[in-house]
Every structure is written in C-alpha cells, then in structure tokens.
Engineer: 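Quick one: the structure is below, questions incoming.
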Amino acid sequence: MKKIGVIGAGLMGNGIAQTMAMSGKYVILQDITEEALLKARNKIEKSLGRLEKAGHINQERVTNTLSKITTTLEIEQACKESDLIIEAVPENLQLKRTIFEQLDRYAPTHAILATNTSELSVTSIAAVTNRADQVIGMHWFNPAPVMKLIEIVKGIDTSNETVKMIESISEEVGKETVLVKDTQGFVTTRALSAHMLECMRIYEEGVASLEDVDKAIRLGLNYPMGPLQLADYVGLDTMLYASEGLVEAYGDRFRPPQILRKLVEAGHFGVKTGRGFYSYE
Ligand SMILES: CC(=O)CC(=O)SCCNC(=O)CCNC(=O)[C@H](O)C(C)(C)COP(=O)(O)OP(=O)(O)OC[C@H]1O[C@@H](n2cnc3c(N)ncnc32)[C@H](O)[C@@H]1OP(=O)(O)O
Ligand SMILES: NC(=O)C1=CN([C@@H]2O[C@H](COP(=O)(O)OP(=O)(O)OC[C@H]3O[C@@H](n4cnc5c(N)ncnc54)[C@H](O)[C@@H]3O)[C@@H](O)[C@H]2O)C=CC1
C-alpha cells in the first residue's frame, strides 16, 4: 500500500496523515473547507517541528514528510488512486454511511476502506458498500503520531485478508495492534468512557474541584492526563456521541452527565474550540 486517502482533516485525520507520510506513504488529505485543510497543514508542521526539536527526526525527514502530503476538497480525488482510504469525519453513523457510499463509488476495486470510528458499528458502515469484505475499523489514538496502538475492528463481513493487510501496514508505520470484534465501543472506547463519564459525575456532584479530580487520577492512579483534561483533548462532542451510542448498547451506566451535554450544547467542545471543562483562550 503506497497511496493513502484520508477523509476528514480534523484532530485525527491530520495525525493519521502525518503518521502515514512519515513512513513514506503518499497521502491525500480531504476535507470540506479550505480552512480545515490549512489548519491541518499547520498542525502537521507544528507536530513535526516538535518531533524534530525532541531529536526524533531530522530536518530532511520533516521536508520529506511534508512533500508526501497533498490536500483536496474533492472526495473523488482522495479516492481514485488510493490503495487504502481512512475515514476520520465526525462520529455520526449517517454521515459515515454517506461517506462510505462515495468511497465505494470512487475508490479502485482493490482499495481497502477503513473507518476511524471510536465506537460505531463497522458492519453497518460496510453494509452501504459493495465490498463489505474490504471494509474495516482502524481505530487510532490521539495524538496519532505518538500513541502506539491501533485497534483493528473486524466487521461481520470483513475478510481475514483485509485484517492481515491492516495489521501489516500498522506495523509498517510503527504501531502495535489488537484485533477486536465489532461491538459497540470495542475495547478502548467502552473502557475509557466508563472511566471518564464517572469522573465527570464525581465533578458534577461536587466531590472535588475540576483540578483536583484530574490531579487525583493523574498522580494517584498514574494516568498521563486527568480524565477531564483528556475529555477536552479528545473532544466533548466525540465523547457525547460515543456515550449516546454506548447507552443504546449497554444501558444507563453510560448515560452522559448533564455537564457534558450542556458544554456540547454551548459549543464548548474542548481544546479544539478553545473551551471545554477548562479554558484554552
Ligand atoms: C476517543 C478515541 O476514540 C480514542 C482516543 O484517542 S482516547 C485518547 C487516547 N490518548 C490519551 O489517552 C493521551 C493521554 N496523554 C498522553 O499520553 C500524554 O499526555 C501525551 C503523549 C499526549 C503528552 O505527553 P506528556 O508527557 O504529557 O507531554 P510531553 O512531554 O509534551 O509529550 C511527550 C512526548 O510526546 C511528544 N508529543 C506529544 N504530542 C505530540 C504531537 N501532537 N505531535 C508530536 N509529538 C508529540 C512530545 O514531543 C514528547 O516527546 P519526547 O518525550 O520525546 O520529548
Ligand atoms: N478525538 C479523538 O481523540 C479521537 C477520535 N476518533 C474518531 O475519529 C473521527 C474524527 O474525530 P476528530 O478528528 O476528533 O473530529 P474533528 O471534529 O476534529 O474532525 C473532523 C473533520 O471532518 C471534517 N468533515 C466533516 N464533514 C465532512 C465530510 N462530509 N467530508 C469530509 N470531511 C468532513 C470536518 O471539517 C473536520 O475537519 C470520529 O469518528 C472520532 O470518533 C478516533 C480516535 C480518537
């Protein structure tokens, strides 16, 4: 697999594009606005700069990586020569199904179509295509260039060959993999949401301040980030979508706390909008 299409250039899409390009893949990154593409390119440059400063890569690798990434507003353009297309648009089943109809229409017949969904049904997304055996969940973690895991999700009709190809390219770009069944939330989102939603409730009940809930988990349980800080980092909109899907599958224990719903209703999605549980302005 030499050419990779990435659909959606937000938080995850730009990190996935960067990771692929750093391993020598040609990447075509697509979004619906010029502004989103510009923002993505800036984020990639910043992240590469950070890796260079830390001594992980040299200037030549930065230049090479950037030269391998092109951007487009046309989904057809991102598909037509790609061997693998990774979708990273917002966590909404209807939107993803609409995108996959188009991926199926425009991508070469050999291409694998992967979704970066955090918890939605890969099987349902695959069902709108004529190649369900070549559709798979490829679940990355934020920040994509740094996090070690890719959670591979095998839909009902995903072929073993498709799984092998995704295991192989994941390894090629320096990631470890786990293989999971297509169930709501897989392993990681189910586990992470249980933890984060409970911590939001602890804060909402006034048991401790925002800072102290985060500090307790960070220092007491040795997590790299506190749960509320991490929720802002992941995106509260994504957290809310995920919890709503998990409620449908597993019931009330994943019910979104009021504070999460209100922050999303107010347009405060976390780091990406400048405000969430914390302010970043
Ligand atoms: C919602 C879903 O579906 C799935 C998800 O993604 S859930 C969320 C998963 N992600 C997490 O849980 C992240 C938790 N946080 C962490 O692991 C860490 O805080 C972190 C890696 C983000 C930052 O690490 P840190 O030690 O706190 O800060 P920092 O020292 O700045 O960074 C550590 C290293 O990562 C690098 N780094 C961090 N973010 C980076 C980025 N965006 N690009 C490039 N490099 C980055 C830094 O340069 C640094 O490198 P060195 O140690 O070699 O100097
Ligand atoms: N935020 C996180 O930590 C993680 C998110 N995910 C999943 O990745 C996906 C994307 O999440 P984020 O990157 O956080 O969201 P985001 O909101 O940062 O980015 C989404 C991007 O998709 C673009 N977009 C919207 N409609 C589009 C369309 N029709 N065609 C092309 N692009 C379109 C938006 O303009 C935006 O740039 C979601 O499914 C999410 O659940 C997976 C792992 C981690």
Side-chain angles (χ1 to χ4, degrees), residues 5-19 22 29-40 43-57 62 65 71-79 85-103 114-120 122 125 137-151 153 185-193 195-196 214 217-218 222-227 229-243 245-246 269-273:
V6 178
I7 310 299
L11 200 60
M12 294 309 294
N14 72 60
I16 294 168
Q18 176 187 334
T19 309
M22 283 176 72
L29 180 58
Q30 185 263 349
D31 207 299
I32 46 177
T33 64
E34 278 295 354
E35 191 196 349
L37 292 174
L38 201 65
K39 212 164 143 193
K43 278 203 69 179
I44 293 170
E45 281 172 11
K46 231 172 160 178
S47 173
L48 287 169
R50 206 167 158 179
L51 292 171
E52 189 192 358
K53 203 167 165 204
H56 297 305
I57 56 175
V62 172
T65 300
T71 56
T72 180
L73 293 172
E74 304 299 327
I75 195 164
E76 183 174 355
Q77 200 66 29
C79 292
I85 299 159
I86 305 171
E87 165 276 313
V89 303
E91 189 72 347
N92 175 303
L93 184 59
Q94 201 41 54
L95 174 63
K96 288 186 191 280
R97 284 169 62 99
T98 306
I99 297 276
F100 269 71
E101 272 170 7
Q102 296 174 65
L103 302 187
T115 173
N116 186 46
T117 180
S118 298
E119 42 80 43
L120 295 170
V122 172
I125 293 169
M138 189 180 190
H139 184 204
W140 297 64
F141 296 84
N142 180 31
V146 174
M147 300 294 283
K148 287 277 166 269
L149 188 71
I150 290 179
E151 187 175 38
V153 185
F186 324 130
V187 172
T188 56
T189 303
R190 189 167 160 188
L192 184 71
S193 296
H195 163 69
M196 281 164 65
D214 274 346
I217 302 296
R218 223 170 1 92
N222 215 12
Y223 280 45
M225 277 181 177
Q229 185 193 7
L230 181 58
D232 276 356
Y233 190 62
V234 164
L236 301 186
D237 51 339
T238 300
M239 286 299 306
L240 181 61
Y241 284 136
S243 74
L246 290 162
F269 296 171
V271 178
K272 66 183 166 189
T273 59

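What you see below is based on every heavy atom in this structure, not just the backbone, and it leaves out hydrogens, waters and symmetry mates. Remember, it's 1-based here, ligands and their atoms both numbered in the order they're listed.
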Engineer: Can you sort out the partners of N116 under side-chain hydrogen bond (donor to acceptor under 3.5 Å, both in side chains), two or more places apart, ordered by chain and number?
Structural biologist: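 In terms of side-chain hydrogen bond (donor to acceptor under 3.5 Å, both in side chains), with neighbours along the sequence ignored, N116 is linked to no residue.
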Engineer: Hey, does the side chain of E151 reach the backbone of V187 with a donor-acceptor pair shorter than 3.5 angstrom?
Structural biologist: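 At least one qualifying donor-acceptor pair exists.
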Engineer: So which pairs with a foot in residues 234-243 pass side chain to side chain donor-acceptor pair (under 3.5 Å), sequence neighbours left out?
Structural biologist: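 Side chain to side chain donor-acceptor pair (under 3.5 Å) check on residues 234-243 returns D237-K272.
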Engineer: Should we count CD of E45 as having more than 12 external heavy atoms under 6.0 Å?
Structural biologist: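 Yes, CD of E45 has more than 12 neighbouring heavy atoms, counting only those of other groups under 6.0 Å.
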Engineer: Between ligand 1 and the protein, find all N/O pairs closer than 3.5 Å and give the distance for each.
Structural biologist:
residue	atom	partner	partner atom	Å
ligand 1	3 (O)	S118	OG	2.7
ligand 1	3 (O)	H139	NE2	2.7
ligand 1	6 (O)	N142	N	2.9
ligand 1	10 (N)	N142	O	2.8
ligand 1	31 (O)	R50	NH2	2.6
ligand 1	39 (N)	R50	NH1	3.3
ligand 1	43 (N)	S47	OG	2.6
ligand 1	48 (O)	R50	NE	3.4
ligand 1	53 (O)	H56	NE2	2.4

Engineer: Donor-acceptor check, side chain of E91 to backbone of E119, threshold 3.5 angstrom: yes or no?
Structural biologist: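 Flag set: sc E91 to bb E119 pair under 3.5 Å.
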Engineer: So which atom in R190 and which in F186 form the shortest heavy-atom distance, rounded to 0.1 Å?
Structural biologist: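 Looks like CB-O, 3.7 Å.
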Engineer: Taking atom CD1 of I16 and atom CD of E87, what is their separation to the nearest 0.5 Å?
Structural biologist: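 If I round to the nearest 0.5 Å, the distance is 9.0 Å.
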Engineer: Indicate the atoms forming the closest heavy-atom contact of A17 with I44, along with that distance.
Structural biologist: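 Shortest heavy-atom contact: CB-CD1, 4.5 Å.
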Engineer: For the residue pair L103 and I75, establish whether any side-chain heavy-atom pair is separated by less than 4.5 Å.
Structural biologist: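 Yes, side chains in contact.
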Engineer: Between ligand 2 and the protein, which N/O pairs fall short of 3.5 Å?
Structural biologist:
residue	atom	partner	partner atom	Å
ligand 2	1 (N)	V234	O	2.7
ligand 2	6 (N)	S118	OG	3.3
ligand 2	8 (O)	N116	ND2	3.0
ligand 2	13 (O)	L11	N	3.4
ligand 2	13 (O)	M12	N	2.8
ligand 2	17 (O)	K272	NZ	3.2
ligand 2	18 (O)	L11	N	3.0
ligand 2	35 (O)	D31	OD1	2.7
ligand 2	35 (O)	D31	OD2	3.4
ligand 2	37 (O)	G10	N	3.4
ligand 2	37 (O)	D31	OD2	2.6
ligand 2	39 (O)	V89	O	3.3
ligand 2	39 (O)	E91	OE1	2.5
ligand 2	39 (O)	K96	NZ	2.7
ligand 2	41 (O)	E91	OE1	2.9
ligand 2	41 (O)	S118	OG	2.7

